[in-house]
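Only this structure's heavy atoms are used, side chains among them; waters, hydrogens and symmetry mates stay out. Both ligands and their constituent atoms are indexed starting at 1 by order of listing.
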Amino acid sequence: MGNIIKVQKGTKDILPSEIELWHFMEQKALEVFTYAGYSEIRTPIFEATELFARGVGDTTDIVNKEMYTFEKSERSLTLRPENTAGVVRAFIEHGMHRLSAPVKLWYKGPMFRYERPQAGRQRQFHQVGMEMFGIEQPTADAEAIAVAIRYLNMLGLNDLDVEINSLGCPECRETFKSKLKEVIKPYLGELCEDCQNRFDKNPLRLLDCKVDSCKEIYAKPEIQEVIQSDFICKDCAEHFDTLKMYLDNLGINYTVNKLLVRGLDYYNRTVFEIKSNNLGSQNAVCGGGRYDSLVRNLGGPDTPAVGFAMGMERLFSLLEEKQNNKLTAYVVSTNIEETIKLIAELRNNGISADFDMTSKKFTKQLEKAAKVANFALILGEDEIANNTISIKDLNKSTQQTINRNELKTFLQNIK
Ligand code: ATP
Ligand code: MG
């Protein structure tokens, strides 16, 4: 065999064994967004580099470090690192601002960022997301969060934390930025290189730093006092309070996280993130917020907007983990005649079941059961003598003994 060319670092093949879950995620997205009145938009994978420099912001990590940029016929092009800028470009280019508000769009597809690959972080990854244009009121922010939660719930994901924050408007944020810089300035020399760069260009992003020594500095009381202060103006506060009221009405639990600033430059007022408790350190599945000045910054008319994006690889790993291909029951017994009878009875009743055909010891059978089934059905001498059966829940390690004639009902309830 000659030289083998391998898949590029940070990219992955989606294999036939995985495609079913991808179809499931895509199908549910189509359903949830369509029911909520969104239409799908598909924009090109590459755009003018300038779109992202202006749209995502040239003080962000994405634009500074993570873009796949190349030249063709003296034009600088970039593989999209996210899709909000592309959707906004299309919104303006096709005159969608002339449609009656709100204009509700959703998308899915691959994004490209030159990052250090690790679990939950790839260089080519997929996002599903939405953008809603034309609504200034917090109703739109609440709907965005509600749609995100509904989609995640439809996928069967429920163990979620919603974090929200308000970044205020450009005016009230200025005061906050200068206060923040003032208290952090004495520590400037101790900050990491990234934070030293952010300090002047984008001080809000300091709060987003993952470096421990920086986090320690930002935890100092005088700095915390500024971070935790209510700096936002009256209008912004009212907007945020109304959003919180809507979320309460919707029964959506959330926490206010004042450190939540998000990586992109374009956000104002509401920002939010949804995290899963079942992922490692890359635990954010969804990020979004309001971006009222982006349409104007990209040359369109003043148009308020709100949107979010979810990482589909992170959703995939949550779904994969939940996928339970185990049998319902594994019979553990040394009495083969009784076992064969019980197995036939279970299977005839539509309950998946298996047993040990090689007369292994009881403990070996239990070990096997734990690997392949959700419940071990134990038929020992006592059980056979008393016409009972012991049921061990192999996920919870609890055990109970019931009458044989109660077994069918029991299993049908848990199937
Ligand atoms: P993170 O803090 O994880 O880098 P981010 O703020 O860069 O996230 P966004 O740009 O808001 O993320 O993208 C929204 C979602 O897309 C994230 O919450 C995450 O689920 C997913 N995502 C972002 N970058 C990657 C990546 N390199 N690989 C896989 N998924 C990603
Ligand atoms: Mg990132």
Near ligand 1, which residues have a heavy atom under 4.0 Å away from one of its atoms? Arg113, Glu115, Gly120, Arg121, Gln122, Phe125, Gln127, Arg262, Ala284, Val285, Cys286, Ala309, Gly311, Arg314
Can you classify the ring geometry of Tyr68 versus Phe112 as parallel (below 30°), tilted (30 to 60°) or perpendicular (above 60°)? perpendicular
Kindly assign one of parallel, tilted or perpendicular to the pair Phe91 and Phe133, based on the angle between their ring planes and the thresholds 30° and 60°. parallel
Using the side chain to side chain donor-acceptor pair (under 3.5 Å) criterion, which residues pair with Lys275? Sequence neighbours excluded. Glu163
Between the side chains of Glu40 and Lys108, is the shortest nitrogen-to-carboxylate-oxygen separation below 4.0 Å, so that they form an ion pair? yes
Electrostatic pair Asp356-Lys361, nearest N-O below 4.0 angstrom: no
Hey, does the Lys NZ or Arg CZ of Lys179 hover above the aromatic six-ring of Phe231, less than 6.0 Å from the centre and inside 45° of the axis? no
